[in-house]
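One structure is given here, and the rest of the page talks about it.
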Amino acid sequence: MTTSAKPLSVAVIGAGMAGRSHAAGYRNVNTVFGAGLPPVRLAAIADANTALGEDAARRYGFEKALPSWEAVVEDPTIDAVSIVAGNALHRPIAEALVAAGKHVLCEKPLAGSMEDARAMAELERTAEVVTAVGYTFRRAPGIAAIREHVRAGELGDLTLFSGRYWCDYATDPNGPLSWRFKGGPGSGALGDVGSHVIDAAEYVAGPIASVSGASLSTQITKRPLPLGAVVGHNAAPVSEEFGEVENEDTATFTARFESGLVGTFSVTRTGFGLPNGLFFDVLGVGGRAAFDQHRPAEYLFDDAQPDARTRGARQIIAGPNLPYFAGGVPMEAPGVGASNADNFTYQARAFLDQVAGVAEPLPACATFADALRTMEIIQAVVESSHNDGAAVAVPPVA
């Protein structure tokens, strides 16, 4: 492991929307949670779109932009790397980085196929470096607090988990046919945003044992081909030629957890007016908690108050009493806000805590094995949809 006497050199592969979020997180890691990490060298951002890479390197203070991920692999001075490229590229990049002795933080979903995901999980078993996956919502103070309520038994026996991730980035039928619309069933809204809500469900409520009642649908079946590079969910110039959308815009399913808890899930990328709508409710016989990413600096909590007249959901504003907030924001006071950017900083710090082997690390990042499990659940949802909603078992947690 890297020692505290030696600076940690980091790089990001991919300069799009999520890549910039990783870059900003690395830039801020030594501003949160006090001392402990060695100095962090912001070495490089790599992207085949050189103008995009150069702009991201300038914005976030990285030393240089590189034209390819291979250039990161070949740089012996780089210690740790975020992979924020297209899903189909995750496996070859991760294999090359691990072979070069570099620590890897890979964006979700783990890979573009189950074959690649299984190979990456197997790679992790023998790797002598840290391998991790970016399930950023685990770092949201509200979600982490709800997990603590559940683990402490404050909601009583759980009765229902209802999770939704509704987005609107694909509502425009003239939006370009980017890589997000390629790949088979399960690689669309399920893989993109569904992976987050599935991970949040298991993070809060425990392992899922089976899924059933699945239905996948595609609202916009053809999209215009782009004339150039497409960055994130942004609009781009398009041609008059159209191509087929190969995966789902919307998916719904139910789940049964190993505890017996029942869950309902829906995900969409064609949900008008919902830019980033991760929501969930978790109910028990003694309480309820709810989170809404559109209001990320709070969560709702309800339990049996002594006087029935004052019972009801209470708005809990993020403050120093919540996970990550104390030491994680410049102004440690309730009501100052919490953002998605903060979550990326906490994730980057947790990853580098693992790399550096600090004495009191943040909770560890999800592993390749964890992310493979999410993909196994997604595969079970697809299988259920192909079999008229039949129940499909999920492999148990190893």
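Counting from 1, the numbers follow the sequence of the chain as shown.
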Can you pull out every salt bridge (Lys or Arg N to Asp or Glu O under 4.0 Å) where at least one residue sits in [range]? Sequence neighbours excluded, please.
range	result
residues 317-346	none
residues 139-151	none
residues 184-202	Lys108-Asp192, Arg138-Asp199, Arg180-Asp192, Glu202-Arg373

Donor-acceptor pair, [X] side chain versus [Y] backbone, under 3.5 Å?
X	Y	answer
Ser217	Asp249	no
Ser195	Gly191	yes
Glu246	Gly184	no
Asn87	Ala111	no
Thr218	Thr221	no
Asp353	Ala350	no
Arg311	Gln305	yes
Ser9	Ala43	no
Gln315	Glu298	no

Which heavy atom in [X] sits nearest to a heavy atom in [Y], and how many Å separate them?
X	Y	answer
Asn30	Pro38	ND2-O, 3.1 Å
Thr50	Pro67	CG2-CB, 4.2 Å
Ile45	Ala15	CG2-CB, 3.9 Å
Glu95	Ala119	OE2-CB, 4.5 Å
Val267	Gly194	CG1-CA, 3.7 Å
Asn343	Ala140	OD1-CA, 3.5 Å

side-chain contact (heavy atoms from CB on, under 4.5 Å) evaluation trace for Val245 with Lys222: CA-CA 5 Å; Val245 173; Lys222 295 180 183 291; 5.8 Å; no
Verdict with supporting geometry, Ile13 and Ile93, side-chain contact (heavy atoms from CB on, under 4.5 Å): CA-CA 9 Å; Ile13 295 172; Ile93 296 175; 3.7 Å; yes
Asp172 atom CG, over 12 foreign heavy atoms within 6.0 Å: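 Counting other residues, nucleotides and ligands, CG of Asp172 exceeds 12 neighbours.
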Neighbour count above 12 (heavy atom, 6.0 Å) for Glu360 CD: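 Not more than 12 within 6.0 Å, no.
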Contacts of Tyr203 that satisfy ring-ring contact (aromatic ring centres under 6.0 Å, His included) - sequence neighbours left out: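 ring-ring contact (aromatic ring centres under 6.0 Å, His included) check on Tyr203 returns nothing, list empty.
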All ring-ring contact (aromatic ring centres under 6.0 Å, His included) counterparts of Phe161, not counting sequence neighbours: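 Expected list: Phe265, Phe280.
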Is there a path from [X] to [Y] through hydrophobic residues (I, L, V, M, F, W, Y) whose side chains come within less than 4.5 Å of each other?
X	Y	value
Leu89	Val72	yes
Val84	Leu97	no
Val12	Val133	no
Leu216	Ile198	yes
Ile377	Met375	no

Residue pair [X] / [Y], side-chain donor-acceptor N/O under 3.5 Å:
X	Y	value
Thr252	Ser215	no
Thr254	Ser212	yes
Glu107	His22	yes

Test applied, ring pair (Phe, Tyr, Trp, His ring centres under 6.0 Å); reference residue, His196; option that passes from Phe137, Phe279, Trp166: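 When Phe137, Phe279, Trp166 are each tested with His196, the ring pair (Phe, Tyr, Trp, His ring centres under 6.0 Å) holds only for Phe137.
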Do [X] and [Y] come within less than 4.5 Å of each other through their side chains, counting heavy atoms only?
X	Y	value
Tyr324	Thr345	no
Val381	Leu190	yes
Pro176	Pro237	no
Leu42	Val40	yes
Thr374	Pro109	no
Val355	Leu8	yes
Val358	Leu37	yes
Arg118	Met114	yes

Residue pairs passing the ring-ring contact (aromatic ring centres under 6.0 Å, His included) test where at least one lies in residues 27-68, sequence neighbours excluded: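 Checked against ring-ring contact (aromatic ring centres under 6.0 Å, His included) - neighbours excluded - the pairs reaching residues 27-68 are Phe33-Tyr346.
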Qualifying ring-ring contact (aromatic ring centres under 6.0 Å, His included) pairs with a residue from residues 364-386, counting only residues at least two apart or across chains: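 ring-ring contact (aromatic ring centres under 6.0 Å, His included) check on residues 364-386 returns no pairs.
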Atom pairs and distances, side-chain donor-acceptor, residues 284-293, under 3.5 Å, sequence neighbours left out:
{"from": "Arg288", "atom 1": "NE", "to": "Asp281", "atom 2": "OD2", "distance (Å)": "3.1"}
{"from": "Arg288", "atom 1": "NH2", "to": "Asp281", "atom 2": "OD2", "distance (Å)": "2.7"}
{"from": "Asp292", "atom 1": "OD1", "to": "His294", "atom 2": "N", "distance (Å)": "2.8"}

Salt bridge (Lys or Arg N to Asp or Glu O under 4.0 Å), paired with Asp79, selected from Lys102, Arg41, Lys6: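 That would be Lys6; it is the only one of Lys102, Arg41, Lys6 passing the salt bridge (Lys or Arg N to Asp or Glu O under 4.0 Å) with Asp79.
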Holding to side chain to side chain contact (heavy atoms under 4.5 Å, CB included), I want the full list of residues that pass it with [X], two or more places apart in sequence or in another chain.
X	answer
Ala170	Phe181, Arg223, Arg269, Thr270
Ala348	Tyr26, Val29
His149	Glu154, Tyr299, Phe301

Anything under 3.5 Å between a donor and an acceptor, one on a side chain of residues 387-397, the other on a protein residue two or more places apart or in another chain? List them.
{"from": "Asn387", "atom 1": "ND2", "to": "Glu383", "atom 2": "O", "distance (Å)": "2.7"}

side-chain contact (heavy atoms from CB on, under 4.5 Å) between Val81 and Val104, intermediate numbers included: CA-CA 5 Å; Val81 182; Val104 177; 5.6 Å; no
Atom pair CG (Leu278) and CG (Asn340), whose distance is rounded to the nearest 0.5 Å: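 Leu278 atom CG to Asn340 atom CG measures 10.0 Å (nearest 0.5 Å).
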Test log, rule side-chain contact (heavy atoms from CB on, under 4.5 Å), inputs Leu352 and Val10: CA-CA 9 Å; Leu352 294 184; Val10 301; 4.1 Å; yes
